[in-house]
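Shown next, in structure tokens, is the structure this report addresses.
Every chain is numbered from 1, with letters handed out A, B, ... down the list of sequences.
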2 protein chains.
Amino acid sequence: MDSLDNISRIERNPDMTRQRILEAAFLEIYRNGFQGMRLDEVLTATGLTKGALYHHFPNKRALGYAVVDEIILPTVEGMWLQPLKNAADPLQGLKTVIEQLPEMKPPEMIRYGCPLNNLAQEMSPLDEGFRQRLDYIFCVWHDVTEQALERARQQGRIREDIDCNETATFILAALEGCIGMAKNAQSEARLVACNRGLIDYLHSLET
Amino acid sequence: MDSLDNISRIERNPDMTRQRILEAAFLEIYRNGFQGMRLDEVLTATGLTKGALYHHFPNKRALGYAVVDEIILPTVEGMWLQPLKNAADPLQGLKTVIEQLPEMKPPEMIRYGCPLNNLAQEMSPLDEGFRQRLDYIFCVWHDVTEQALERARQQGRIREDIDCNETATFILAALEGCIGMAKNAQSEARLVACNRGLIDYLHSLET
DNA sequence: TATTCTACAGACTAACCGGTCGGTTGGCAA
DNA sequence: TTGCCAACCGACCGGTTAGTCTGTAGAATA
């Protein structure tokens with residue numbers, strides 16, 4: 001029969017239902033914060049009901065955790081980690097990924113900022129479960145950046161005296177800071193200007 | 001009579017009542033965000049009632065605006081702007097004010113981050129009134145930093161080719177980013193490490 | 001002293017929101 | 001065909017919360 005075709009059907013596909021809930025919840029969290037997310041909004045966005053949501057997730061917090069684990073983490077890996085890991089020239093890879101920042105999802109990024117950092121700033125002081133999950137993502141991101149810097153050092157592209165660990169931390173902090181400044185100003189020009197400062201900093205690391 | 005002594009009395013001093021509400025609201029916003037602030041918590045913290053609050057402020061949003069204008073702005077001016085304006089050596093002044101960051105209010109700063117940036121990140125996309133007020137503070141802060149950089153350049157302390165405007169923007173962004181990283185990690189060591197990166201960046205500006 | 005207004009007190013309300021629970025439906029196994 | 005269970009529906013509930021309204025005490029004013 002057409003049982004395999006059912007993947008494309010909307011009805012009675014629990015995995016897809018769960019995924020739709022996750023994606024709608026992610027958008028709501030991205031726009032309003034976790035505390036500002038309303039489950040009713042998630043439901044109207046998906047066309048589902050309370051029963052469906054609470055069948056897949058025990059409560060609001062668990063839904064938030066799942067958004068971090070199953071939406072935000074893979075997104076960060078796809079947008080940041082994979083490009084950096086694969087780059088033959090890691091220093092150039094860093095610059096490229098930073099320079100491309102204003103171009104991807106421009107309106108959303110300027111208006112709502114970085115989903116990872118938004119959630120971290122909101123929830124880290126309030127909920128240890130969120131904090132650990134988000135900190136884990138930052139740690140992974142940090143380690144990949146640090147390794148890129150170390151490879152650049154081995155290639156003789158950056159100075160010997162650079163502490164790759166601390167530098168990677170600072171790069172992430174500055175990057176999130178730039179996005180935050182642009183978000184508060186609601187200005188893409190601000191993001192571009194701020195990013196130039198970060199690129200200049202990367203130049204100052206070179207030999 | 002003792003009419004002048006009434007300033008020290010708690011009862012029937014509307015200015016002091018208003019100020020107490022503002023300070024309690026600031027703390028609640030600082031810890032839970034504006035959306036997370038509960039008016040009842042503000043009232044129990046002050047020992048007042050709904051009548052007092054709604055006598056001084058028309059609604060929750062107006063209270064939030066007043067916190068920005070009358071608490072956060074003066075605090076930023078006292079902690080950042082005055083020290084920078086007065087510094088005979090503006091470059092050293094910048095470094096000093098950054099290095100002292102981990103030492104002031106250490107537990108609160110690590111746990112809850114920067115009140116100005118917290119509120120900006122939460123409310124800028126959601127409420128234009130908040131955004132404008134918070135952006136104004138960032139602009140003032142930026143201008144003072146830019147002027148400090150320009151004085152440093154006139155003194156020949158930093159390179160001629162530096163764009164003081166963009167550099168000031170980046171310094172603020174990086175600084176807020178550092179505080180955010182420390183907050184997410186809940187780690188003072190992270191703040192110190194991140195700040196070192198910022199100080200190193202300032203060194204890279206010198207001649 | 002009488003009057004009036006400011007500065008509160010505190011009970012109340014309407015709406016919202018996370019979560020529950022009994023019921024229904026569709027698909028699959030026996 | 002029947003029985004069963006995961007998947008989902010949607011009405012309902014209880015607690016919470018911003019905001020309202022009536023009342024009152026104290027200070028200023030006349």
* Asked: Within the pair His56(B) and dC8(C), is there a side-chain N or O less than 4.0 Å away from OP1 or OP2?
  -> yes
* Asked: Is any side-chain N or O of Thr49(B) closer than 4.0 Å to OP1 or OP2 of dG10(C)?
  -> no
* Identified side chain to side chain contact (heavy atoms under 4.5 Å, CB included) partner of Leu22(A) from the options Val67(A), Val42(A), Thr46(A) -> Val67(A)
* Structure fact -> From CG of Asp40(A) across to P of dG10(D) the rounded distance in Å is 13 Å
* To do: Take atom CD of Gln35(B) and atom P of dA18(D), then tell me their distance rounded to the nearest Å.
  => 11 Å
* Go through the steps to decide whether Leu175(A) and Trp80(A) satisfy the test side-chain contact (heavy atoms from CB on, under 4.5 Å), and finish with yes or no. => CA-CA 12 Å; Leu175(A) 186 57; Trp80(A) 290 95; 3.4 Å; yes
* dC8(C) phosphate, OP1 or OP2: any side-chain N/O from Thr17(B) under 4.0 angstrom? -> yes
* Closest non-hydrogen atom pair, Met181(A) against Ala173(B) -> CG-CB, 3.4 Å
* Asked: Tell me: OH of Tyr54(A) to C1' of dG23(C), nearest whole Å?
  -> 19 Å
* Is Glu128(A) paired with Arg131(A) through a side-chain N to carboxylate O contact shorter than 4.0 Å? -> yes
* Which whole-number value in Å describes the distance from Arg61(B) CZ to dT17(D) C1'? -> 17 Å
* Asked: Rounded to whole angstrom units, what separation is found between the CD1 atom of Ile21(B) and the C1' atom of dA7(C)?
  -> 11 Å
* Looking for any heavy atom pair under 4.0 Å, which part of the strands does Lys50(B) touch: base, sugar-phosphate only, or nothing? -> base
* When the distance from CZ of Arg38(A) to C1' of dA15(C) is rounded to whole Å, what number comes out? -> 12 Å
* Asked: Can you find a side chain N or O atom of His55(A) that sits less than 4.0 Å from OP1 or OP2 on dC9(D)?
  -> no
* Structure fact -> Atom CG of Leu43(B) and atom P of dA11(C) are separated, to the nearest Å, by 13 Å
* Asked: Between Leu53(A) (CG) and dA7(D) (P), how many Å, whole number?
  -> 14 Å
